[in-house]
Structure formats: structure tokens, C-alpha cells
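Quick note on labels: first sequence line is chain A, next is B, and so on, each numbered from 1.
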Protein chains: 2
Amino acid sequence: MTTPQLTKNQSLVFDVLEKAEGPLSAYTILDKLRDHGFRAPLQVYRALEKLLEYGVVHRLESINSFVACAHPGENCHSHGIVAFAICESCGLVMEFHDHEVDHRLMAWVRGQKFKPEKTTIEIRGLCETCAA
Amino acid sequence: MTTPQLTKNQSLVFDVLEKAEGPLSAYTILDKLRDHGFRAPLQVYRALEKLLEYGVVHRLESINSFVACAHPGENCHSHGIVAFAICESCGLVMEFHDHEVDHRLMAWVRGQKFKPEKTTIEIRGLCETCAA
DNA sequence: ATTGCACACGTTATAGCATAACGCAATTGA
DNA sequence: TCAATTGCGTTATGCTATAACGTGTGCAAT
Ligand SMILES: [Zn+2]
Ligand SMILES: [Zn+2]
Ligand SMILES: [Zn+2]
Ligand SMILES: [Zn+2]
């Protein structure tokens, strides 16, 4: 799927996420955009919904937050399962893909005749800097 | 870690989860325990906190819900990373472990000098019955 | 026995995350 | 022109989780 031209609100939300140091909650995004006219959570959630659909933003389920995709240009959806390592101290997020992990998980679901729709892999811990 | 004797509230919460067909939210558990004197969310969350610590209950991050561990008796914490397949139609949860997946993920974090604390793997989709 | 501590518990209030439901305006394409 | 779609704004509401305070009980050190 190709990414269509972003609307004004979508661009604003995406820019905030891209410039952020780490993952942001929807309400944090809202606060950062009040000067641009944002007043209600739905303005953020509606933009996020589209950005997630386009694959340019990811949702971190374990911390109820959102990050810009680390692979601008490419279509992240086509790389298989996306995995994240999230530093609980500084908020650093590392995004990666591992085809062998994908393969193992998909082999398992095939064995169960389970039909996967969306897979979450999130490793919370401490990044190299924070663990030192 | 061995599981200590559960307190009254912990037992009530655990029993509700064990008898449930699928994962339950904290507030659903609360509702099911009103007849037993539960009045406030904290009574549930405090019990869940301990049950999670003992490893007899798991939290499904992607759906803000809780399930009893599928491996009664054993200590689930010692089996490495726990993975879940969650049917979005009927709520069925399948819990499994895959050492090869663990190995790949841990190899990756080692390469990044990332120190993992807690890893989430959750596959949402449709179970065999619901997909048919 | 008294003191001090740890722990479970109860209650009220509050914080944080997400969506429902309504209406309006601009766009598009029959 | 008309209908359908999409984005947007607003208000209200619902769901998820924790803060802060106080109570009572059991148990160990003094
Ligand atoms: Zn990505
Ligand atoms: Zn860090
Ligand atoms: Zn388990
Ligand atoms: Zn099902």
C-alpha cells in the first residue's frame, strides 16, 4: 500500500512523532499540538488511525504510546512482523525485524489453524546507556 | 519462585480467571466479585499484581486483559518468553513457548547490549473455529 | 508486654487512555 | 445536481489504572 498525501492534521501528528526523542502517548501529542489548534483527543486519534493504516507510525501496545516508523520510505508492513525494544528508563525505541522469528511464529499458528491478523513483539528493558 | 498461599482476595480473583472462558479485564473481574464484597478497582488490581508476580496469571498487553496461566503447577516464568494467540472473535487464548523464538530475540538484544526485563508476544487473529 | 514493622485490605479521589454520537464542510464522481 | 465519502470539530462518555490515606492483623526484636 502506498502512502497517500497526508492531511493537515495527519501531518501535524506525524511531525510531532518524528521529531520526538521517544514514544508519545496520544494525550502528549495533543498537548504538543494545542498551539496548532488541537483541542480534543479525537483529533489525535483520528490522525493516528490513518497513520497506523499507512504504516508510517507504530503503536506500542505495552505502553499505550506511538512512534514514527524507523524505516521512512520503505513500507514497513511488507517486512513481516515488526519487533520493538523499548528502554523503560530513557524511552529509546529500537525497531527491528527477524524473519526467523516470523517464520517460527507463523509455523506455530499454521499448526493451530489460527489466522493471524496483527502480531505484537515488544521487549521492555534497559538500553545499553541506561543499563551501564 | 514458589507460589505462596493466596490471600482471600487473591484466591477470589484467581478463581474468576480460571473459570472464565477467555481473558477478562480488571473491571469485568470487579463486576463478577461484587457479590463477594468487592467494591473498588484497587481490590482487583492489587490481587492481580501479586498473581502476576507469582506467575499464575498473565497480562495480555494488547487487550488490557488478564488470563490464568495455562500451565497450572509448573512455573511459567522458567519457560522463557510466553507467547499468546488471541482470537478476536471468541476470546480464546492459546499460550505457548518457542525456544527458538526466545533464542533469536535474545541474540538480537545481546547484539544491541540491551537488557531485557519483560517481553510481550501476542498474536491477534481468528481461531480455527471462528475463521471457518 | 510493648514496640515497630510488614502486609493485606478498604475507601475516596483522581489520573490517563479511548471512543460514541452529533453535526458541518469540502471533495468527488455519477 | 445529487449522493456518497472523507475529514474535521465539539461534547460527552466510558474504560483502564493509580495516588493517597487510613485500618487492622500478625510477628519479631527489644
Ligand atoms: Zn516500521
Ligand atoms: Zn535508555
Ligand atoms: Zn503461563
Ligand atoms: Zn475464536
Just to verify, what does [X] make a side-chain contact (heavy atoms from CB on, under 4.5 Å) with, not counting sequence neighbours?
{"X": "B:Arg39", "result": "B:Gln43"}
{"X": "A:Asp98", "result": "A:Glu100, A:Val101, B:Arg104"}
{"X": "A:Glu49", "result": "none"}

Whole-Å distance, B:Gln10 CD to C:dC7 P, equals 12 Å
Atom CD of B:Gln43 and atom P of C:dT11 are separated, to the nearest Å, by 6 Å
Please check the phosphate of C:dA8 (OP1 and OP2 only) for any side-chain N or O of B:Lys50 closer than 4.0 Å. yes
Looking at B:Thr7, I'd like to know whether one of its side-chain N or O atoms comes within less than 4.0 Å of OP1 or OP2 on C:dC9. yes
If hydrophobic residues (ILVMFWY) are linked whenever their side-chain heavy atoms come closer than 4.5 Å, directly or via other members, who joins A:Val67 in its cluster? A:Leu60, A:Ile63, A:Val82, A:Phe84, A:Ile86, A:Val93
Under the 3.5 angstrom rule, does the side chain of A:Asp102 hit a backbone N or O of A:Ile81 as a donor-acceptor pair? yes
Given axes from five pairs at either end, by how many degrees does the helix from C:dA1-D:dT30 to C:dA30-D:dT1 bend, rounded to 10°? 20°
Which is the 5'-most and which the 3'-most nucleotide of DNA chain D that has an atom under 4.0 Å from a heavy atom of chain B? D:dT16 to D:dA20
Excluding sequence neighbours, so at least two apart, what forms ring-ring contact (aromatic ring centres under 6.0 Å, His included) with A:His97? A:His71, A:His79
With sequence neighbours excluded, give me every ring pair (Phe, Tyr, Trp, His ring centres under 6.0 Å) pair touching residues 101-132 of chain A. A:Trp108-B:Phe96
Show every ring pair (Phe, Tyr, Trp, His ring centres under 6.0 Å) that has at least one partner inside residues 8-49 of chain B, sequence neighbours left out. none
Qualifying salt bridge (charged side-chain N to carboxylate O under 4.0 Å, His left out) pairs, either residue in residues 18-33 of chain A, two or more places apart: A:Asp31-A:Arg34
Pairs under 3.5 angstrom, nitrogen or oxygen only, protein versus nucleotides 16-23 of chain C, please.
| residue | atom | partner | partner atom | Å |
| --- | --- | --- | --- | --- |
| C:dA18 | OP1 | A:Arg59 | NH1 | 3.3 |
| C:dA18 | OP1 | A:Arg59 | NH2 | 2.2 |
| C:dA18 | OP2 | A:Tyr45 | OH | 3.0 |
| C:dA18 | O5' | A:Tyr45 | OH | 3.4 |
| C:dA18 | N7 | A:Tyr27 | OH | 2.8 |
| C:dA18 | N6 | A:Tyr27 | OH | 3.3 |

Compile the donor-acceptor pairs under 3.5 Å between side chains in residues 120-130 of chain A and protein atoms, sequence neighbours left out, one pair per line.
| residue | atom | partner | partner atom | Å |
| --- | --- | --- | --- | --- |
| A:Thr120 | OG1 | B:Arg124 | NH1 | 2.8 |
| A:Glu122 | OE1 | A:Glu61 | N | 3.4 |
| A:Glu122 | OE1 | A:Ser62 | N | 2.8 |
| A:Glu122 | OE1 | A:Ser62 | OG | 2.4 |
| A:Glu122 | OE2 | A:Glu61 | N | 2.7 |
| A:Arg124 | NH1 | B:Thr120 | OG1 | 2.8 |
| A:Arg124 | NH2 | B:Glu61 | OE2 | 3.0 |

